[in-house]
2 protein chains.
Amino acid sequence: MADERAERVEREEAGGHRDADAVSRFVESFAAQLVEAGMQRMPARVFAALLSSDEGAMTSAELGDQLRISPAAVSGAVRYLAQQHMVSREREPGSRRERYRVHSNQWYEALTNRETVLKRWEGALREGVTSLGGHTPAGRRMAETLAFFEFVDGEISAMMERWRVHRATVFGEG
Amino acid sequence: MADERAERVEREEAGGHRDADAVSRFVESFAAQLVEAGMQRMPARVFAALLSSDEGAMTSAELGDQLRISPAAVSGAVRYLAQQHMVSREREPGSRRERYRVHSNQWYEALTNRETVLKRWEGALREGVTSLGGHTPAGRRMAETLAFFEFVDGEISAMMERWRVHRATVFGEG
DNA sequence: CCTTAACTTCACAAATTTCTGAAGGAAGCG
DNA sequence: CGCTTCCTTCAGAAATTTGTGAAGTTAAGG
């Protein structure tokens with residue numbers, strides 16, 4: 001308790017004016033939602049931290065410090081997030097430091113771009129239709145499910161296009 | 001190996017004309033996709049088995065037999081699936097047996113009806129906007145993300161309506 | 001070049017999750 | 001009303017996952 005308070009004061013003296021406790025509470029609660037949705041704990045926490053940073057970017061050390069986790073944990077989490085295209089890595093030229101950035105409006109596009117996932121589901125279902133036979137009840141059910149995913153696939157890009165328009169009108173061309 | 005073959009012959013003699021091996025391969029590969037998407041293993045396997053059954057329904061015993069799992073495992077998996085509205089339970093009147101059914105065209109509606117999830121995300125984000133302050137860069141990023149989820153929320157029901165129309169034209173009013 | 005800072009990888013300990021066997025009901029059937 | 005069948009619950013063994021410390025790698029800076 002005393003430690004946390006001391007740390008918070010220290011950080012605020014360093015120039016920030018944010019309520020570190022409130023931010024931390026948000027980070028943990030948002031991360032919890034992500035975890036419940038299937039994301040691993042560390043990636044979720046790291047992502048939430050980046051999302052709630054003013055820069056939209058943090059260094060490995062900052063992440064480890066705020067989340068109280070080891071450099072190894074940061075490394076693993078960031079590798080995962082980068083693979084999922086939810087963050088990108090930046091090298092500050094002339095430094096060994098790396099910054100991890102969440103591209104505010106690109107990350108949820110990545111979320112919907114689970115295209116990879118959808119495509120794999122479709123592949124598995126297609127295989128199912130083949131092995132069950134399109135004339136069997138099970139095969140027909142499978143074919144319908146497949147059609148649904150294909151439909152969703154097609155709809156999503158249209159939806160994202162509408163979102164970009166909507167976003168531009170509300171938030172301006174960011 | 002010999003066991004598997006014997007079992008398959010046995011099942012086919014029992015009246016089925018399906019290639020049990022092929023079905024099983026599909027069940028496992030589709031379940032694997034579901035697992036990768038965050039579902040627990042047993043629910044995923046049970047669900048895949050139901051989906052690929054001709055009836056679209058199986059008893060607890062049939063599930064345990066096909067998947068080689070204990071009644072306890074079936075029970076747990078089915079409870080989870082029922083909570084998620086992905087299967088429903090049926091009591092054959094005058095029997096202690098219970099059948100678990102996947103309503104072919106309702107389960108993926110349940111998938112998109114992760115409304116609950118979306119709403120919770122929105123709640124967490126709203127909290128984030130409040131604690132970060134709408135005037136800070138982080139707060140603005142958060143607000144935009146929130147707007148995205150609200151947008152998606154609204155779009156999904158429209159999309160599902162279009163799907164129902166599309167489905168009716170392709171598969172008939174099933 | 002050598003030093004040092006920063007990130008990564010790896011092996012392992014700890015925590016968590018998963019599945020089972022066994023015991024405990026509920027509900028049909030005689 | 002007791003027997004039997006089926007389902008559920010529960011405690012615990014087994015497997016998996018998770019996060020750490022320590023060693024290794026890369027690249028900047030003197």
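Convention: sequence-line order gives letters A, B, ...; per-chain numbering from 1. Atoms considered below: every heavy atom in the structure, side chains included; atoms not considered: hydrogens, waters and symmetry mates.
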Taking only side-chain N and O atoms of A:Arg89, does any of them lie within less than 4.0 angstrom of OP1 or OP2 on C:dT8?
yes

Could you tell me whether A:Gly94 contacts a base, only the sugar-phosphate backbone, or nothing, with contacts defined as non-hydrogen atoms closer than 4.0 Å?
sugar-phosphate

On DNA chain D, more 5' by nearest nucleotide between B:Glu98 and B:Arg41 is B:Glu98

Please state how far atom CD in A:Gln83 lies from atom C1' in C:dT8, giving the value in whole angstrom units.
14 Å

What I'd like to find out is whether the side chain of B:Leu67 reaches to under 4.5 Å of the side chain of B:Glu28, using heavy atoms alone.
yes

For A:Tyr100 and C:dA6, give me the distance from atom OH to atom C1', rounded to whole Å.
9 Å

Mind calculating the distance between CZ (A:Arg91) and P (D:dA28) to the nearest angstrom?
8 Å

Backbone N/O of B:Phe148 and side chain of A:Arg167: donor-acceptor pair under 3.5 Å
no

Whole angstrom is fine here: how far is it from CG in A:Leu63 over to P in D:dT20?
13 Å

From OH of A:Tyr80 across to P of D:dG19 the rounded distance in Å is 13 Å

OP1 or OP2 of C:dA6 versus the side-chain N and O atoms of A:Ser60: is any pair under 4.0 Å?
no

Measuring from the side chain of A:Ala73 (C-beta onward, heavy atoms only), which nucleotide among D:dT9, D:dA22, D:dG19 has the closest atom?
D:dG19

Between C1' on C:dA5 and CD on A:Glu92, what's the gap in Å once rounded to a whole number?
13 Å

Run through A:Val78, A:Val27, A:Leu81 and flag the one making a side chain to side chain contact (heavy atoms under 4.5 Å, CB included) with A:Phe47.
A:Leu81

Quick one: does any side-chain atom of A:Ser24 pair with a main-chain N or O of A:Ala20 as donor and acceptor, under 3.5 Å?
no

Less than 4.0 angstrom between a side-chain N/O of B:Gln40 and OP1 or OP2 of C:dT17, yes or no?
no

Phosphate OP1/OP2 of D:dA27: any A:Arg96 side-chain N/O under 4.0 Å
no

Are B:Arg97 and B:Glu62 close enough for a salt bridge, meaning some N to O gap below 4.0 Å?
no

Does a side-chain N or O from B:Arg79 land closer than 4.0 Å to OP1 or OP2 of D:dT9, or not?
yes

Would you kindly give the CD1-to-C1' distance between B:Ile69 and C:dT20, to the nearest whole Å?
11 Å

Mapping B:Ala61 and A:Met42 to their closest nucleotides on DNA chain D, which lands nearer the 5' end?
B:Ala61

Spacing of B:Glu62 atom CD relative to D:dC6 atom P, expressed in whole Å
12 Å

